[in-house]
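Only one structure is covered here, and it is reproduced in the block below.
One-based numbering along the sequence shown.
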Amino acid sequence: MDFVKPAEVLQSMVEAGESKARMNRVQMLIRGFLAGAILAFATTMAYTAVSQTSVGLAGALIFPAGFVIIILLGLELVTGNFAMLPLAMMKRRITWMDMLRNYFWVITGHLLGCAFYVLLYGMTITKMGTDMSNPLIQTLIQTSEAKTLGYQHLGGAGIVLVIIKAILCNWMVTLGAVMAMTSTSTLGKIVAMWLPITIFFAQGFEHAVVNMFVIPAGMMLGAQVSLADWWLWNQIPVLVGNLIGGAVFTGLGLYAAHHWGNPIKLTSSKLATIQGGRSGLASSDVAPKMGTRS
């Protein structure tokens, strides 16, 4: 059986949070860069599927491929870290500064990775700036404006709305990261991760890293969106909402469900010692080794 029990998954989350926080900043930056670019790849692939099929769900069924690649390769995705690190901090394995340090460097890596892909993809779909007829150009422009100006037109209610959509998004995204820990087989991990990621993408919720690609891409292609519009009406509130969704509804929620009132205590043992190494994602360095038994 390759199923990992919830109590062991919770232990894995704490240990993963600690491991991620202890990583050096160069590794955080590089792994954040790669994760941002890969998620941008998945986003354009999803948009392409929708454009070719005219079926919105087609994109949602394909998009999780990027998330799966990121998790299986042990890269850093800040939205997943929003659940792991607060839990490790609550268990006093790391400090506030450790957590914020991870968030800063990983987000910086995401921005650089997404910007790099924006540049290359923009040159690709415009044929080096000579052809603006690709339908995905208008998709990116309209999406960029909808994710910023659409909320701006609602005023204060727009900020509340974008935060709510970000909370709902990362509730599912962090469940995807956690579900990877429920199996020790590669196939099991892939299937488990795919489900919650499809749920979030199909409903148009707000994901901070996806938006680090979509909005700048739209701006580069001609969207009437300023840097202030991007950060004030989307990126900052989405990061806040994603943090709440991951830390409260996944991290704290699972901790409460499996620990509060339960005599079983989380130990400080390393993940590799849990049930003979059965865990989901211990750290970026050991993830590729663990969970490949099938």
Side-chain angles (χ1 to χ4, degrees), residues 35-36 38-71 77-83 110 114 135-136 138-154 157-180 190-215 217-218 223 225 230 233-251 253-254:
I38 290 169
L39 210 62
F41 266 103
T43 302
T44 55
M45 180 177 66
Y47 286 169
T48 300
V50 173
S51 175
Q52 292 176 348
T53 65
S54 298
V55 177
L57 190 58
L61 291 173
I62 292 174
F63 175 79
F67 185 84
V68 167
I69 293 170
I70 290 168
I71 295 296
L77 194 62
V78 74
T79 45
N81 292 357
F82 282 159
H110 290 337
C114 288
L136 290 180
Q138 285 305 311
T139 296
L140 288 168
I141 291 174
Q142 293 169 7
T143 304
S144 179
E145 292 178 345
K147 284 177 172 289
T148 52
L149 304 182
Y151 297 122
Q152 184 184 49
H153 292 157
L154 296 176
I159 293 292
V160 175
L161 175 60
V162 71
I163 291 176
I164 291 173
K165 292 173 73 173
I167 290 172
L168 295 175
C169 165
N170 215 37
W171 191 349
M172 289 295 102
V173 171
T174 48
L175 280 182
V178 172
M179 291 289 282
I190 292 173
V191 173
M193 284 187 278
W194 213 280
L195 302 175
I197 304 304
T198 297
I199 291 172
F200 115 73
F201 198 86
Q203 299 182 77
F205 296 146
E206 295 287 348
H207 189 278
V209 185
V210 170
N211 292 349
M212 289 176 191
F213 161 73
V214 172
I215 298 175
V225 176
W230 169 22
W233 291 99
N234 187 284
Q235 203 64 65
I236 292 175
V238 168
L239 283 167
V240 171
N242 283 172
L243 175 59
I244 295 171
V248 176
F249 294 99
T250 295
L254 291 177

Given the rule in the side chain to side chain contact (heavy atoms under 4.5 Å, CB included) test, do L140 and F213 qualify, once you have shown the distances and angles that lead to the verdict?
-> CA-CA 10 Å; L140 288 168; F213 161 73; 4.0 Å; yes
Evaluation steps, side chain to side chain contact (heavy atoms under 4.5 Å, CB included), between I167 and F249 = CA-CA 9 Å; I167 290 172; F249 294 99; 3.6 Å; yes
Start with the C-alpha distance between Q138 and I141, add both sets of side-chain angles, then the distance that settles side chain to side chain contact (heavy atoms under 4.5 Å, CB included), and finish with yes or no.
-> CA-CA 5 Å; Q138 285 305 311; I141 291 174; 3.9 Å; yes
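The shortest distance between side-chain heavy atoms of Y151 and L161 falls below 4.5 Å. Put simply, the side chain of L168 reaches to within 4.5 Å of the side chain of I164, judged on heavy atoms. Here the side chains of F82 and L239 are in contact, with some heavy-atom distance below 4.5 Å. Taking the side chain as every heavy atom from C-beta outward, V209 and V78 approach each other to under 4.5 Å.
Classified by interplanar angle (parallel below 30°, tilted 30° to 60°, perpendicular above 60°), the ring pair F63/F200 is perpendicular.
Of all heavy-atom pairs spanning I215 and V225, the tightest one is CG2-CG1, 4.3 Å. Between G246 and A83, the closest heavy-atom pair is O-CB, 3.4 Å. When all heavy atoms are compared, the tightest approach of M212 to C114 is O-CB, 3.5 Å. Contact record, T143 with T139: OG1-O, 2.6 Å, taken as the closest heavy-atom pair. Taking every heavy atom of both residues into account, H110 and A35 meet most closely at CE1-CB, 3.9 Å. Nearest heavy-atom pair across F201 and A60 is CD2-CA, 3.6 Å.
For the pair T250 (side chain) and W171 (backbone), a donor-acceptor distance under 3.5 Å is present. Distance alone, capped at 3.5 Å, is enough to place a donor-acceptor pair between the T48 side chain and the T44 backbone. Checked by atom type and distance alone, the side chain of W194 pairs as donor or acceptor with a backbone atom of L61 at under 3.5 Å. Put simply, the side chain of S51 never gets that close to the backbone of Y47: no donor and acceptor are under 3.5 Å apart. One N or O on the side chain of N170 and one on the backbone of T79 form a donor-acceptor pair closer than 3.5 Å.
Rounding to the nearest 0.5 Å places CG of L57 at 10.0 Å from CD1 of I62. Separation of atoms NZ (K147) and NE2 (H207) is listed at 10.5 Å; rounding is to 0.5 Å. Between the CD1 atom in I163 and the CG atom in L243 there is a gap of 11.0 Å [rounded to 0.5 Å]. Taking OG1 of T148 as the reference point, atom CH2 of W230 lies at 11.0 Å (rounded to 0.5 Å). Atom CG of L195 sits about 10.5 Å away from atom CE of M172, to the nearest 0.5 Å. Annotation: the span from M179 atom CE to T174 atom OG1 amounts to 12.0 Å, rounded to 0.5 Å.
Looking at I70, L175, V173, I71 one by one, the single match for side-chain contact (heavy atoms from CB on, under 4.5 Å) with M193 turns out to be I71.
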